[in-house]
Number of protein chains: 2
Amino acid sequence: MSDGLQPQTGQSLLFLTDEQLRKGIEAMFFAYRGFTADPDRILTDKSYGRAHHRAIHFIHRSPSTTVNNLLSILGVTKQSLNRVLRTLIEDGLVASTVGQRDKRERHLHLTPAGAALERELSDAQRDRMRAAYRAAGPAAVAGFRQVLEAMMDEETRHHYEAMKDRPE
Amino acid sequence: MSDGLQPQTGQSLLFLTDEQLRKGIEAMFFAYRGFTADPDRILTDKSYGRAHHRAIHFIHRSPSTTVNNLLSILGVTKQSLNRVLRTLIEDGLVASTVGQRDKRERHLHLTPAGAALERELSDAQRDRMRAAYRAAGPAAVAGFRQVLEAMMDEETRHHYEAMKDRPE
DNA sequence: TTGGAATGTCAACAAAGCTGACGTATTATG
DNA sequence: CATAATACGTCAGCTTTGTTGACATTCCAA
């Protein structure tokens with residue numbers, strides 16, 4: 001790890017010590033538990049899992065997305081996604097329609113029931129996020145996002161960026 | 001989600017919009033993938049999983065910890081941890097010694113081989129973290145940590161704080 | 001001495017990931 | 001038009017990591 005001159009040259013680089021990095025790693029681990037705790041509770045009651053949440057979330061975010069596209073966003077195999085998707089379709093939370101231009105594709109949408117669950121889940125997750133944001137303040141939130149973005153894989157970041165500025 | 005007056009009244013509260021919160025949620029999801037990617041690769045080669053990594057990490061951090069203590073840090077059942085611990089002990093990465101004051105307890109340590117794997121894993125994870133920290137800068141890192149800490153459950157935060165200021 | 005705490009183990013199960021193989025439309029390409 | 005490639009679904013089987021529940025052992029403490 002050669003350390004050339006930094007833009008912050010002259011500033012303290014103590015935030016790059018192994019000790020500081022370890023704290024960040026542990027913070028990430030512990031915080032992620034909190035991050036998923038509230039949706040997890042809701043899902044358990046309905047005998048769904050985190051995988052269902054992820055599918056619902058991204059179908060909501062990218063309505064009419066194809067199976068293949070969802071696959072690459074989630075980073076799982078089609079067999080794995082298919083199992084989740086099948087139950088969501090059977091339970092009437094997701095609708096799958098044959099593509100018009102390309103009839104091989106299936107376009108995915110949330111049904112009203114699916115949208116209702118999506119709202120319940122994201123409300124719960126946002127509540128905790130909002131409390132954390134409010135406690136930390138806007139400057140901290142900007143830093144939070146910056147570090148997270150820098151932590152992503154290249155390919156992942158493209159997915160993130162693509163979704164970033166699409167309005168709700 | 002009604003938002004009453006905030007302590008920061010007068011300041012911009014745009015960072016608390018649902019849109020901003022959603023971006024934070026997605027950033028968290030995508031970043032966590034990157035966060036675990038490098039150790040995961042190393043572990044797959046050795047046919048271990050993320051659970052083994054977590055056990056090794058916290059045994060390293062809290063040498064001589066008991067099984068019960070590790071249980072509450074990791075937030076899993078003893079049966080689940082036991083399976084992981086058993087393979088690590090069989091493979092000679094972790095040593096379990098009967099407690100002196102309380103002989104019911106088992107105290108856990110890393111063997112030299114376990115410490116070597118721990119180093120390999122945390123080096124990989126720190127490399128990515130360091131790159132992210134460096135790209136974002138010290139102010140962003142401070143904010144990052146603040147938001148993560150505010151996101152934790154109460155009980156989880158205690159574990160985090162307890163480990164926070166113990167030197168390497 | 002008796003009750004409870006800490007640990008370990010057996011069995012059974014579920015969620016969610018994986019690989020590999022195969023079938024079936026549909027589209028693209030030679 | 002024939003063939004190749006793509007998108008999707010599904011079957012089978014396996015792995016990791018979590019869960020409950022039941023039960024035994026050991027040992028501390030009241």
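Just so we're on the same page: letters track the sequence lines, and every chain starts at 1.
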request  = Check each residue of residues 32-41 of chain B for a non-hydrogen atom within less than 4.0 Å of any atom in DNA chain C, then write out the ones that pass by number, or none.
outcome  = none
ask   = How close or far is atom P of C:dG8 from atom CD of B:Glu105, stated in whole angstroms?
value = 11 Å
query = In whole angstrom, what separates B:Lys46's NZ from D:dT15's C1'?
reply = 19 Å
request  = Starting at NE2 of B:His57, measure out to CG of B:Leu70 and round the result to the nearest 0.5 Å.
outcome  = 11.0 Å
key: Any A:Asn68 side-chain N or O less than 4.0 Å from OP1/OP2 of D:dC8   = yes
task = Figure out the CG/P separation between A:Leu85 and D:dA7, and round it to whole Å.
result = 16 Å
Can you give me every donor-acceptor pair (side chain of residues 141-149 of chain A, partner residue at least two apart or in another chain, under 3.5 Å) with its distance?
unit_1: A:Arg145; atom_1: NE; unit_2: A:Tyr160; atom_2: OH; d: 3.1
unit_1: A:Arg145; atom_1: NH1; unit_2: B:Gln20; atom_2: OE1; d: 3.3
unit_1: A:Glu149; atom_1: OE2; unit_2: A:Tyr160; atom_2: OH; d: 3.1

key: Partner set under side-chain hydrogen bond (donor to acceptor under 3.5 Å, both in side chains) for A:Thr156, not counting sequence neighbours   = none
Distance, nearest 0.5 Å, that separates CG of B:Leu110 from CG of B:Leu117 = 9.0 Å
remark   = As a check of understanding: the bend across the helix from C:dT1-D:dA30 to C:dG30-D:dC1, end axes from five pairs, rounded to 10 degrees, works out to 20°
Please report, to 0.1 Å, the donor-acceptor pairs under 3.5 Å made by any side chain of residues 80-95 of chain A, with sequence neighbours excluded.
unit_1: A:Thr87; atom_1: OG1; unit_2: A:His52; atom_2: NE2; d: 3.3
unit_1: A:Thr87; atom_1: OG1; unit_2: A:Val84; atom_2: O; d: 2.9
unit_1: A:Asp91; atom_1: OD2; unit_2: A:Tyr48; atom_2: OH; d: 2.3

ask   = Quick one: side-chain hydrogen bond (donor to acceptor under 3.5 Å, both in side chains) partners of A:Thr65, sequence neighbours excluded?
value = A:Asn69
inquiry  = Going by the rule side-chain hydrogen bond (donor to acceptor under 3.5 Å, both in side chains), which residues pair with A:Asp38 if we only count those two or more places apart in sequence or in a different chain?
reply    = A:Arg41, A:Arg128
query = Base, backbone or nothing for each nucleotide of nucleotides 24-30 of chain C, written B, S, -, heavy atoms under 4.0 angstrom, 5' to 3'?
reply = -BBS---
ask   = Mind checking what makes side-chain hydrogen bond (donor to acceptor under 3.5 Å, both in side chains) contact with A:Gln100, not counting sequence neighbours?
value = none
remark   = residues 24-34 of chain A vs salt bridge (Lys or Arg N to Asp or Glu O under 4.0 Å), sequence neighbours excluded, gives A:Arg22-A:Glu26, A:Glu26-B:Arg61
request  = Would you mind reading off the distance between A:Ile89 atom CD1 and D:dT10 atom C1', rounded to a whole angstrom?
outcome  = 13 Å
query = Rounded to the Å, how far apart are B:Leu108 CG and C:dT7 C1'?
reply = 11 Å
key: Pairwise distance CD(B:Gln125) to CG(B:Asp40) - rounded to 0.5 angstrom   = 9.0 Å
task = Hey, could you give me the CZ/CE distance between B:Phe35 and A:Met152, rounded to the nearest 0.5 Å?
result = 14.0 Å
Give every pair of a protein N or O atom and an N or O atom of nucleotides 16-19 of chain D that lie under 3.5 Å apart, one pair per line with the distance.
unit_1: D:dT17; atom_1: OP1; unit_2: B:Arg50; atom_2: N; d: 2.6
unit_1: D:dT17; atom_1: OP1; unit_2: B:Ala51; atom_2: N; d: 3.2
unit_1: D:dT17; atom_1: OP2; unit_2: B:His52; atom_2: ND1; d: 3.2
unit_1: D:dG18; atom_1: OP1; unit_2: B:Arg54; atom_2: NH2; d: 2.6
unit_1: D:dG18; atom_1: O5'; unit_2: B:Ser80; atom_2: OG; d: 3.2
unit_1: D:dG18; atom_1: N7; unit_2: B:Arg83; atom_2: NH2; d: 2.4
unit_1: D:dG18; atom_1: O6; unit_2: B:Arg83; atom_2: NH1; d: 3.3
unit_1: D:dT19; atom_1: OP2; unit_2: B:Thr77; atom_2: N; d: 2.7
unit_1: D:dT19; atom_1: OP2; unit_2: B:Thr77; atom_2: OG1; d: 2.7

key: Enclosure of A:Gln79 CD (heavy-atom neighbours >12, cutoff 6.0 Å)   = yes
inquiry  = Output the rounded distance in Å from CG (A:Leu43) to P (C:dA15).
reply    = 12 Å
ask   = Out of curiosity, A:Ser62 OG to A:His159 NE2, how far, rounded to the nearest 0.5 Å?
value = 10.5 Å
request  = Could you pull out all residues at least two apart from A:Phe29 that satisfy ring pair (Phe, Tyr, Trp, His ring centres under 6.0 Å)?
outcome  = B:Phe58
message = What is the separation between atom CZ on A:Arg86 and atom C1' on C:dG17, rounded to the nearest whole Å?
response = 15 Å
request  = Rounded off to whole Å, could you give me the CZ-to-C1' distance for the B:Arg106 and C:dA6 pair?
outcome  = 9 Å
